[in-house]
Amino acid sequence: GDARRLTSENTISYTHKLKSGHKFDALAGFTAMSEIVNRFQLNAKGLISDNMKWNNMNAIASKENYTASTAFEKVVRESVLARLNYNYRSRYYLTLTARADASSNFAANNKWGFFPGISARWNISDERFFEPLRGVINMLSFRPGWGIVGNPPGGEGLYYSKYGTGGSYLGQTTVNPNNIRLSALKWEQKETWNLGFDLGLFEGKYTADLSIYTQKTTDLLMGGYAIPSSSGYGSLAYKNAGSMRNNGWEFNINGNRFVKAGKFSMDFNITFANNRNEILSMDPTILETMNADFGYNHGSYLSRVQLHNP
């Protein structure tokens, strides 16, 4: 087989700075990616020698010992994006972002997703009122942010009806459907709020940062969703099956060359973190498959996944 990928990225930017200290820079762009994969597979048994590999297929006498298969995959993604940065005397920062992404993994009604974001930063240590403390605290900043990102499913052509060859009927090869169209799939979306603080002491000899966040995932994409066998299939490739929330924080402390003796120096880094995961909603069928009972085999344990139980 062979695989080909074509990527195009096009951006335009603009920067403007005023004498009063205000600075703006903007960026807009369009990106596109197309990937085509052709697969060809031959399987054979009964060859006298493997030295000729696939070049010796005609030596197989029986068709029962020979199978061939082909596959074609095409994935296309497009994005339109924009970003605006503003800062005033490197003291106040504001960033606005927006992007619209399209994926060929979705049907036409859900192909596009819109993902905005906003973040800011206040360098408190650059304020005039902070001057008496700069000998000890050389850097102190506050940075809030909010944004949404999207995640498409894997695979290709999930919303198409696909067919394959089956057994023989009246001497003719039959054709049968191989899947259930997933035309209702949506982008999985993660919305995140965060607050951050940065601290620097003694000209950066010691630094610390604290991040507090909450993230909510909606239209959670789950693979291998089991369905009744009466449908003619065992599972769906993907399903938007629920939502969950993550709350947490992370605290880092760094020491830069806090011990020096000749050419020898020592740094340190300490990290504390905590994350709480809560399932807000979930398809009952998927939730049941996540639970397991005690077993007699080594490594078989009782496990329970419950709604609203972090």
Side-chain angles (χ1 to χ4, degrees), residues 11-29 81-99 114-150 189-217 244-278 310:
T11 59
I12 183 172
S13 60
Y14 172 77
T15 301
H16 184 66
K17 186 175 182 179
L18 302 176
K19 293 182 179 179
S20 56
H22 298 278
K23 183 180 179 181
F24 302 86
D25 69 79
L27 179 144
L81 54 96
R83 184 187 68 214
L84 175 64
N85 291 323
Y86 163 79
N87 82 73
Y88 176 68
R89 299 186 183 276
S90 298
R91 188 182 306 165
Y92 311 111
Y93 291 84
L94 179 65
T95 299
L96 303 174
T97 61
R99 63 181 298 145
F114 179 66
F115 310 110
I118 181 172
S119 63
R121 182 185 180 99
W122 177 26
N123 287 331
I124 306 172
S125 54
D126 288 341
E127 298 287 357
R128 291 182 179 178
F129 65 78
F130 206 84
E131 289 182 2
L133 300 176
R134 287 179 188 163
V136 177
I137 305 175
N138 64 284
M139 189 267 290
L140 178 64
S141 66
F142 169 62
R143 42 181 175 80
W146 169 86
I148 300 176
V149 297
Q189 296 194 13
K190 295 182 180 181
E191 180 182 17
T192 303
W193 294 85
N194 65 79
L195 294 175
F197 302 87
D198 299 300
L199 175 67
L201 303 175
F202 305 110
E203 297 301 322
K205 187 173 184 179
Y206 300 99
T207 62
D209 64 86
L210 171 65
S211 295
I212 305 169
Y213 62 87
T214 179
Q215 181 184 86
K216 184 178 181 181
T217 304
M244 67 178 181
R245 179 168 53 221
N246 288 279
N247 295 323
W249 54 267
E250 183 173 321
F251 182 47
N252 297 295
I253 305 174
N254 303 284
N256 303 303
R257 300 174 65 87
F258 75 101
V259 173
K260 293 189 292 184
K263 294 184 179 180
F264 174 81
S265 65
M266 184 179 295
D267 302 338
F268 73 84
N269 175 266
I270 303 173
T271 299
F272 303 92
N274 181 68
N275 180 74
R276 292 171 63 86
N277 178 278
E278 178 184 0

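Residue numbers count from 1 along this sequence.
- Residues passing the side chain to side chain contact (heavy atoms under 4.5 Å, CB included) test with L133 are F130, sequence neighbours excluded.
- In this structure, the separation between CD1 on I137 and CG on L201 is 6.0 Å, given to the nearest 0.5 Å.
- Residue pairs meeting the salt bridge (Lys or Arg N to Asp or Glu O under 4.0 Å) criterion with at least one member in residues 247-258, sequence neighbours excluded, do not occur.
- In this structure, L195 and F142 have side chains that are in contact, with non-hydrogen atoms separated by less than 4.5 Å.
- In this structure, F24 CZ and T15 OG1 are separated by 11.5 Å, a value rounded to the nearest 0.5 Å.
- Residues passing the side chain to side chain donor-acceptor pair (under 3.5 Å) test with N275, sequence neighbours excluded: Y213, N246.
- Formation of a donor-acceptor pair under 3.5 Å by the N138 side chain with backbone atoms of G204 is found in this model.
- Nearest approach of M139 to S141, heavy atoms of both residues: SD-OG, 4.0 Å.
- The side chain to side chain donor-acceptor pair (under 3.5 Å) test applied to N247 returns T214, not counting sequence neighbours.
- Every pair passing salt bridge (Lys or Arg N to Asp or Glu O under 4.0 Å) that includes a residue from residues 193-204 is listed here, sequence neighbours excluded: R121-D198, R143-D198.
- The salt bridge (Lys or Arg N to Asp or Glu O under 4.0 Å) contacts involving residues 259-272 comprise nothing, where partners must be two or more places apart or lie in separate chains.
- For the pair K216/W193, no side-chain contact is recorded, criterion being any heavy-atom separation below 4.5 Å from C-beta on.
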Requested in this report: Test R245 against E278 for salt bridge (Lys or Arg N to Asp or Glu O under 4.0 Å), laying out the working first.
Outcome: CA-CA 5 Å; R245 179 168 53 221; E278 178 184 0; 3.2 Å; yes
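- F272 meets the side chain to side chain contact (heavy atoms under 4.5 Å, CB included) test with W249, F251, I253, I270; sequence neighbours excluded.
- Partners of F202 according to the ring pair (Phe, Tyr, Trp, His ring centres under 6.0 Å) rule, which considers only residues two or more places apart in sequence or in another chain, do not exist here.
- Side-chain contact between H16 and Y14: present, with at least one pair of heavy atoms (C-beta onward) separated by less than 4.5 Å.
- For E127, the side chain to side chain donor-acceptor pair (under 3.5 Å) criterion is met by Y92, W122, not counting sequence neighbours.
- Atom-to-atom distance recorded for I124:CD1 and R91:CZ is 12.0 Å, nearest 0.5 angstrom.
- Scanning for side chain to side chain contact (heavy atoms under 4.5 Å, CB included) contacts around A28 gives I12, with sequence neighbours left out.
- Under a 3.5 Å cut-off, the side chain of N123 and the backbone N or O of S90 do form a donor-acceptor pair.
- T95 meets the side chain to side chain donor-acceptor pair (under 3.5 Å) test with N85; sequence neighbours excluded.
- Remark: the backbone N or O of L140 is paired with a side-chain donor or acceptor of S125 at under 3.5 angstrom.
- Between Y206 and L199, every side-chain heavy-atom pair lies at or beyond the 4.5 Å cut-off.
- A 4.5 Å side-chain heavy-atom check between L81 and L27 finds at least one atom pair inside the cut-off.
- Distance CG/L96 to OG/S119: 8.0 Å, rounded to 0.5 Å.
- Partners of K190 by side chain to side chain contact (heavy atoms under 4.5 Å, CB included), not counting sequence neighbours, listed by chain and number: V149, E188, Q215, T217.
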